[in-house]
Asks: 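One structure is given below, represented as structure tokens, and several questions about it will come after.
Because only heavy atoms are used, hydrogens play no part in the values below, and waters and symmetry mates are left out as well, while side chains stay in.
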Amino acid sequence: MSYNDDKRELLKLKQGLIEESETIKELPHEENVNYEVKGFGKKLSNFFYHYKWHVIAITFFAAVAFFLIYTTVTKEKGDIRILVFASDPELTSSLYFKTEDISVAFEQYTIDYDENGYIHADVYYMNLNPDQDSNYYMANQTKLSSEIGLGVAQIYMGEMAELSTVLGDQEVKNGFEDLSALYPDCPYIVDKYYYQVKGSPFAEAAMYMESCPEDLYIVIRNDEFRGYLNYTDEMAENHRRALEVFDNIVNDRKMTAEE
């Protein structure tokens, strides 16, 4: 048969005028055809061709997971931890930009307690301004409560009004160390519990002499305040370190990694 005859026969098949043709044999559907890929290289190439986006996604998330695990394991362990928080908008803004300098200042007065060759002060900054985004505000409140409960941080820095309520009523809870009893001649200690940063040697160490707010203080948590967990040897050690570091601050006694 000619090409035109085949074309007419095919048209009849498509229109349903005939059910089968003697000249045109039905080809198997493409989906029913199994193509066997031979050779490891070709199989690998075929696999990536069909699943390349799956491979890329899995590789990406695996890399992220590895990075997070690596940074957690290799992160410098702090010799001491300090909580820095405030609710006044001007103070929160100032502290946000000075967090790194505050950390460096504390490190100047901190001993290499774990004897690993370097000194690191973990400064946890929390913005407690209630006018900010509600989710961010609640997250910082939760973080602060959690840190207080753990008792790792024994040194707090912030405005007096916020500090005076963070552990509850000071006279009832006995939350802070009476610094005036420990250092009766220190001119920067006010209202028994509060070390004023403004104008102090610590402010100079933090490069905070000019811009430091008047209402910024350091307090030391009293070891009689247990928080939400049972008192442990680790809490006792954290409190001892806090007193030692604060003693260095009061006496402007700067440390080095070798001391």
Asks: Can you tell me how far CG of D88 sits from OG1 of T92, rounded to the nearest 0.5 angstrom?
Replies: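 CG of D88 is found 6.5 Å from OG1 of T92.
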Asks: Minimum heavy-atom separation for L83 to A153, with atom names?
Replies: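 Distance-wise, the nearest heavy atoms are CG-CB, 3.5 Å.
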Asks: Would you say D191 and M160 make side-chain contact, with heavy atoms under 4.5 Å?
Replies: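 They are in side-chain contact.
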Asks: How many angstroms lie between CD1 in I148 and CG in L150, if you round to the nearest 0.5 Å?
Replies: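 Separation between the atoms: 10.5 Å.
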Asks: In terms of hydrophobic clustering (I, L, V, M, F, W, Y; side-chain heavy atoms under 4.5 Å; direct or indirect links), are Y96 and F106 co-clustered?
Replies: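 Yes; F106 is reachable from Y96 via cluster members.
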Asks: Distance alone, cut at 3.5 Å: any donor-acceptor contact between the side chains of Y118 and N116?
Replies: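 Yes - a donor-acceptor pair under 3.5 Å links their side chains.
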Asks: Do F176 and N222 have side chains that approach each other closer than 4.5 Å (heavy atoms only, starting at C-beta)?
Replies: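 Contact flag for F176/N222 side chains = no.
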Asks: Would a distance-only check, ignoring hydrogens and angles, find a side-chain to backbone donor-acceptor pair under 3.5 Å from N127 to N129?
Replies: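 Side chain of N127 to backbone of N129, a donor-acceptor pair under 3.5 Å: yes, one is there.
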Asks: How long is the gap from CD1 on I119 to CE on M255, to the nearest 0.5 Å?
Replies: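 The CE atom of M255 is 8.5 Å from CD1 of I119, to the nearest 0.5 Å.
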Asks: What distance separates K254 NZ from E107 CD, expressed to the nearest 0.5 Å?
Replies: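 K254 atom NZ to E107 atom CD measures 13.5 Å (nearest 0.5 Å).
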Asks: Quick check for you: to the nearest 0.5 Å, what is the distance between D122 atom CG and T110 atom OG1?
Replies: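 With rounding to 0.5 Å, CG (D122) is 10.5 Å from OG1 (T110).
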Asks: Output yes when a side-chain donor or acceptor of K98 lies under 3.5 Å from a complementary backbone atom of M207, and no otherwise.
Replies: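 Pair found, side chain donor or acceptor close to backbone of M207.
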Asks: What distance separates I102 CD1 from I218 CD1, expressed to the nearest 0.5 Å?
Replies: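 Separation between the atoms: 8.5 Å.
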Asks: Would you say E100 and V123 make side-chain contact, with heavy atoms under 4.5 Å?
Replies: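 No, too far: nothing below the 4.5 Å cut-off.
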Asks: With a cut-off of 6.0 Å (strictly less than), are more than 12 heavy atoms of other residues, nucleotides or ligands near CD of E234?
Replies: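 Open.
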Asks: Take I189 and Y194, measure what side chain to side chain contact (heavy atoms under 4.5 Å, CB included) needs, and give me the verdict at the end.
Replies: CA-CA 5 Å; I189 294 174; Y194 306 94; over 6 Å; no
Asks: Can you see which heavy atom on V197 is nearest to which on C212, and at what distance?
Replies: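 Nearest pair, atom of V197 first, then C212: CG1-SG, 3.8 Å.
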Asks: Test side chain to side chain contact (heavy atoms under 4.5 Å, CB included) on Q141 and L128 and set out the steps.
Replies: CA-CA 7 Å; Q141 286 281 5; L128 303 182; 4.2 Å; yes
Asks: Establish whether Y183 and I220 are linked, either directly or via other cluster members, by ILVMFWY side-chain heavy-atom contacts under 4.5 Å.
Replies: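 Yes, it is one cluster - the side chains of Y183 and I220 are joined through contacts under 4.5 Å.
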Asks: Between E147 and R81, what is the shortest heavy-atom contact and its length?
Replies: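 Looking at all heavy atoms of both residues, the closest pair is OE1-NH1, 2.9 Å.
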Asks: Is D233 atom CG crowded by more than 12 heavy atoms from other residues, nucleotides or ligands, each under 6.0 Å away?
Replies: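 No, because the 6.0 Å sphere around CG of D233 holds 12 heavy atoms or fewer from other groups.
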Asks: Taking all non-hydrogen atoms of both residues into account, name the closest pair between D79 and R241 and its distance.
Replies: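 In this case the closest contact between D79 and R241 is O-NH1, 2.8 Å.
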Asks: I want to check something: taking the side chain as every heavy atom from C-beta on, are K198 and L216 in contact at a cut-off of under 4.5 Å?
Replies: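 No, every pair of side-chain atoms sits at 4.5 Å or beyond.
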Asks: For the pair F85 and L95, evaluate side chain to side chain contact (heavy atoms under 4.5 Å, CB included) and give the outcome as yes or no after the intermediate values.
Replies: CA-CA 8 Å; F85 52 89; L95 289 173; over 6 Å; no
Asks: Could you tell me if S94 and Y208 have a donor-acceptor pair between their side chains, going purely by distance under 3.5 Å?
Replies: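 S94 and Y208 do have a side-chain donor-acceptor pair below 3.5 Å.
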Asks: Quick check: does any side chain N or O of S146 sit under 3.5 Å from a backbone N or O of T142, one acting as donor and the other as acceptor?
Replies: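 No, because the side chain of S146 does not come within donor-acceptor range (under 3.5 Å) of the backbone of T142.
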Asks: For Y188 together with F202, are the ring centres under 6.0 Å from each other?
Replies: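 F202 vs Y188: aromatic centres not under 6.0 Å.
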Asks: With a 4.5 Å heavy-atom cut-off, do Q196 and E214 have their side chains touching?
Replies: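 With C-beta onward as the side chain, the pair touches.
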Asks: Would you say Y156 and L163 make side-chain contact, with heavy atoms under 4.5 Å?
Replies: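 SC-SC contact between Y156 and L163 confirmed.
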Asks: How about F246 and L179: do any of their side-chain heavy atoms sit closer than 4.5 Å?
Replies: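 Yes, side chains in contact.
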Asks: For residues S87 and E162, report the shortest heavy-atom separation together with the two atoms involved.
Replies: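 Smallest heavy-atom distance, with atoms named: OG-OE1, 2.8 Å.
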Asks: Minimum heavy-atom separation for G117 to D112, with atom names?
Replies: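 Reported closest heavy-atom pair: N-OD2, 3.0 Å.
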Asks: Are F97 and L91 connected in a single hydrophobic cluster, I mean Ile/Leu/Val/Met/Phe/Trp/Tyr linked by side-chain heavy atoms less than 4.5 Å apart?
Replies: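 Looking at the clustering, F97 is in the same group as L91.
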Asks: Report the C-alpha distance between D252 and Y109 in whole Å, list the side-chain angles of each, state the deciding distance to 0.1 Å, and finish with yes or no for side chain to side chain donor-acceptor pair (under 3.5 Å).
Replies: CA-CA 8 Å; D252 195 23; Y109 298 103; 2.7 Å; yes
Asks: For E90, does the CD atom sit with more than 12 other heavy atoms under 6.0 Å from it, leaving out its own atoms?
Replies: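 For E90, atom CD is not crowded (no more than 12 foreign heavy atoms under 6.0 Å).
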Asks: Are L243 and M157 connected in a single hydrophobic cluster, I mean Ile/Leu/Val/Met/Phe/Trp/Tyr linked by side-chain heavy atoms less than 4.5 Å apart?
Replies: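 Looking at the clustering, L243 is in the same group as M157.
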Asks: Just do the side chain to side chain donor-acceptor pair (under 3.5 Å) check on E237 and Y113 with the steps written out, would you?
Replies: CA-CA 10 Å; E237 172 61 17; Y113 288 109; over 6 Å; no
Asks: Is there a side-chain contact between E177 and Y193 in this structure, where contact means two heavy atoms from C-beta onward sitting under 4.5 Å apart?
Replies: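 Of all side-chain heavy-atom pairs linking Y193 with E177, none is under 4.5 Å.
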Asks: Apply side chain to side chain contact (heavy atoms under 4.5 Å, CB included) to residues I155 and I80 and explain how you reach the verdict.
Replies: CA-CA 9 Å; I155 301 178; I80 196 166; 3.8 Å; yes
Asks: Counting only heavy atoms not in E204 (residues, nucleotides, ligands), do more than 12 fall under 6.0 Å from its CD?
Replies: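 Counting neighbours around CD of E204, 12 or fewer heavy atoms of other residues, nucleotides or ligands fall under 6.0 Å, so no.
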